[in-house]
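Pasting a structure here, questions to come.
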Amino acid sequence: MSHIIVLRSYKPGDEINCKELIKTGVLSSLNSTFFGITFKELTFQMMILFAAIMFIFFGLPLTVCLLVVPLVIFFVYIGTYIGFTTKAMEVNEEVSNIPRIYMSNAFSCFWVAEAFEPYLMTESPKSIQYTIMTEQQFRDSNIDISSQVKRIVGTIALCKSHRLDKGAWIKRLHVHEQYRRKGIASCLLNIAVLFAIEQGYSCANTVASEYTEGGRELCLKKGFELQQMYHKPILGSFITILMYELTYQIKPGEDVYVPPIYNKAMLNK
C-alpha cells in the first residue's frame with residue numbers, strides 16, 4: 001500500500017502547507033468568476049452605455065467607441081482579481097491563527113488530508129487510486145513510510161456560528177487540484193458533519209458561489225439544503241457574485257450511521 005490519504009486534525013507545522021493550499025483554492029475560481037461576470041447582462045449594458053456616451057456626446061468615430069469593449073473587460077478582470085486577492089489575504093491571516101480560532105476549544109476543529117507517496121512517482125496523482133484512512137487506522141496499520149514523502153492535499157474547518165443559535169459554520173473545504181474526484185472532499189465533509197453532531201450543534205452551514213458548482217453539488221448530495229441566496233460584492237455593486245448558503249439540519253438525538261472510516265477516533269484532537 002504505497003499511496004495513502006490520512007485524515008487528521010491540524011498539528012503545529014501544518015501552517016505553511018495549509019496557507020498555500022487554501023490560497024490556491026481561493027484563487028482557483030478566479031477565471032471562472034471573471035468569465036461568468038463578463039458575460040452577464042450588466043456587463044454588456046455597461047459596454048453599450050459607455051460606447052453610446054463616447055459616440056453621442058463626444059462625437060468619436062464608432063471604431064474608437066468600440067474600444068470600450070476591451071476596456072470594460074479589462075476593468076472587470078482587474079476588479080475581480082483585486083476582490084479575490086483581498087479575500088486570499090484575509091484567509092491567509094485566518095490560517096495563521098488556526099490554533100487560536102479552531103483548536104483552542106472543544107466546539108471547533110481544523111482537519112487536513114495528508115497524502116503519503118513514494119519519493120519517485122512516475123504517475124500523476126490524478127491517475128492513482130488512494131486509500132483513505134483515519135490517523136488511528138494509519139497508526140494501527142503499521143505501514144512502512146520510510147521511503148515515502150507526505151504533503152497536505154486537503155483541508156476543512158468547523159467553528160461556532162455567531163449568527164445562528166447553536167449553529168456551526170463549515171469552512172475552508174479545499175482539495176488540491178491533482179487530488180480531486182477521489183472522495184477526499186466527501187470524507188472531509190463527513191468528518192465536519194459528524195463533529196457537529198457529536199458536539200450538539202443544531203445545524204451546520206456552509207456557503208458556495210455560483211462558480212463553485214462542484215462543491216455545491218457535493219453538499220446537496222450529503223443532505224445539505226438551500227437556506228438562502230444573496231449577492232456578494234466583489235468590487236462595490238458593479239461586480240457581484242451569487243452566493244448559496246446551504247444548511248445541514250441536525251435533529252435532536254439524531255442517530256447517524258457512521259462508516260468505519262468515520263469513527264470517533266477521527267474526532268480526537
Problem - hydrophobic_cluster_shared for F75 and L71, side chain cutoff 4.5 Å - result: no
Problem - Residues which pass side-chain hydrogen bond (donor to acceptor under 3.5 Å, both in side chains) with R180, listed by chain and number, not counting sequence neighbours - result: none
Practice task
Give the minimum heavy-atom separation between H3 and P118, together with the two atoms involved.
Solution key: NE2-CD, 3.6 Å
Problem - side chain to side chain contact (heavy atoms under 4.5 Å, CB included) between I143 and M133, worked out - result: CA-CA 12 Å; I143 298 174; M133 60 178 66; 4.2 Å; yes
Fill in the blank from the handout: CD1 (I4) and CD (Q137) are apart, to the nearest 0.5 Å, by 11.5 Å
Handout entry: side chain to side chain contact (heavy atoms under 4.5 Å, CB included) against A168, all qualifying residues, sequence neighbours excluded
Key = L158, Y201
Completion exercise
Closest non-hydrogen atoms of C159 and K171, given as atom of the first, atom of the second and distance, are SG-CD, 3.9 Å
Exercise for the section: Look at the side chain of K182 and the backbone N and O of T131, then say whether any donor-acceptor pair between them is shorter than 3.5 Å. Expected result: no
Exercise for the section: Give a yes or no on whether I16 and V175 share a hydrophobic cluster (residues Ile, Leu, Val, Met, Phe, Trp, Tyr; joining criterion: side-chain heavy atoms under 4.5 Å apart). Expected result: no
Handout entry: salt bridge (charged side-chain N to carboxylate O under 4.0 Å, His left out) contacts touching residues 108-120 (sequence neighbours left out)
Key = R8-E114
Problem - Results of side chain to side chain contact (heavy atoms under 4.5 Å, CB included) for I53 - residues two or more places apart only - result: L49, F57, F58
Problem - Candidate pair K221 and S186, rule side chain to side chain contact (heavy atoms under 4.5 Å, CB included), full reasoning - result: CA-CA 10 Å; K221 289 179 181 178; S186 178; over 6 Å; no
Practice task
Measure the CG-CD1 distance between N17 and I152 for me, rounded to the nearest 0.5 Å.
Solution key: 4.5 Å
Exercise for the section: Any salt bridge (charged side-chain N to carboxylate O under 4.0 Å, His left out) involving residues 71-81? Give me the pairs, sequence neighbours left out, ordered by first then second residue. Expected result: none
Problem - For K150, all residues meeting side-chain hydrogen bond (donor to acceptor under 3.5 Å, both in side chains), sequence neighbours excluded - result: none
Handout entry: Y211: ring pair (Phe, Tyr, Trp, His ring centres under 6.0 Å) partners, not counting sequence neighbours
Key = none
Handout entry: Closest non-hydrogen atom pair, T240 against P233
Key = CG2-CA, 3.8 Å
Completion exercise
In terms of heavy-atom contacts, H174 and G25 come closest through ND1-CA, 3.6 Å
Handout entry: Flag side-chain contact, heavy atom, 4.5 Å: P12 against P99
Key = no
Exercise for the section: Can you sort out the partners of F50 under ring pair (Phe, Tyr, Trp, His ring centres under 6.0 Å), two or more places apart, ordered by chain and number? Expected result: none
Exercise for the section: Please identify each residue that fulfils ring pair (Phe, Tyr, Trp, His ring centres under 6.0 Å) with F35, with sequence neighbours left out. Expected result: none
Problem - K160 side chain to S108 side chain, donor-acceptor N/O pair below 3.5 angstrom - result: no
Handout entry: Option passing ring-ring contact (aromatic ring centres under 6.0 Å, His included) with F195 (candidates W111, F107, F110)
Key = W111
Handout entry: E245: side-chain hydrogen bond (donor to acceptor under 3.5 Å, both in side chains) partners, not counting sequence neighbours
Key = R163, N205, Q228
Handout entry: Linked, directly or transitively: L220 and L189 (ILVMFWY side chains, under 4.5 Å)
Key = yes
Handout entry: Close side-chain approach of F224 and V193, heavy atoms under 4.5 Å
Key = yes
Practice task
Spell out, yes or no, whether I56 and V68 are grouped together once hydrophobic residues are joined by side-chain heavy atoms under 4.5 Å, including indirect joins.
Solution key: yes
Fill in the blank from the handout: Rounded to the nearest 0.5 Å, the OG1 atom of T134 sits from the CD1 atom of I132 at a distance of 11.5 Å
Practice task
Flag yes if I48 and I73 sit in one hydrophobic cluster, no otherwise; membership is Ile, Leu, Val, Met, Phe, Trp, Tyr, and two members link when side-chain heavy atoms are under 4.5 Å apart.
Solution key: no
Practice task
Can you measure from OG (S202) to CG (D165) and round to the nearest 0.5 angstrom?
Solution key: 6.5 Å
Problem - Pairwise distance CD1(I37) to OG1(T80) - rounded to 0.5 angstrom - result: 4.0 Å
Practice task
Specify the closest pair of heavy atoms between R216 and S209, including all atoms of both residues, with the distance to one decimal.
Solution key: NH1-O, 3.0 Å
Practice task
Supply the atom-to-atom distance I241 CD1 to H231 NE2, rounded to the nearest 0.5 angstrom.
Solution key: 9.5 Å
Fill in the blank from the handout: Between G154 and L188, the two heavy atoms sitting closest are C-CD1, 4.1 Å
Donor-acceptor pairs are to be reported for all side-chain atoms of residues 82-95 against protein atoms at under 3.5 Å, with residues two or more places apart or in another chain.
unit_1	atom_1	unit_2	atom_2	d
T85	OG1	Y81	O	2.7
T86	OG1	I82	O	2.8
E94	OE1	R172	NH2	2.8
E94	OE2	Y102	OH	2.5
E94	OE2	R172	NE	3.0

Exercise for the section: Would you mind listing every side-chain hydrogen bond (donor to acceptor under 3.5 Å, both in side chains) that reaches into residues 19-34, with sequence neighbours excluded? Expected result: E15-K19, K19-S96
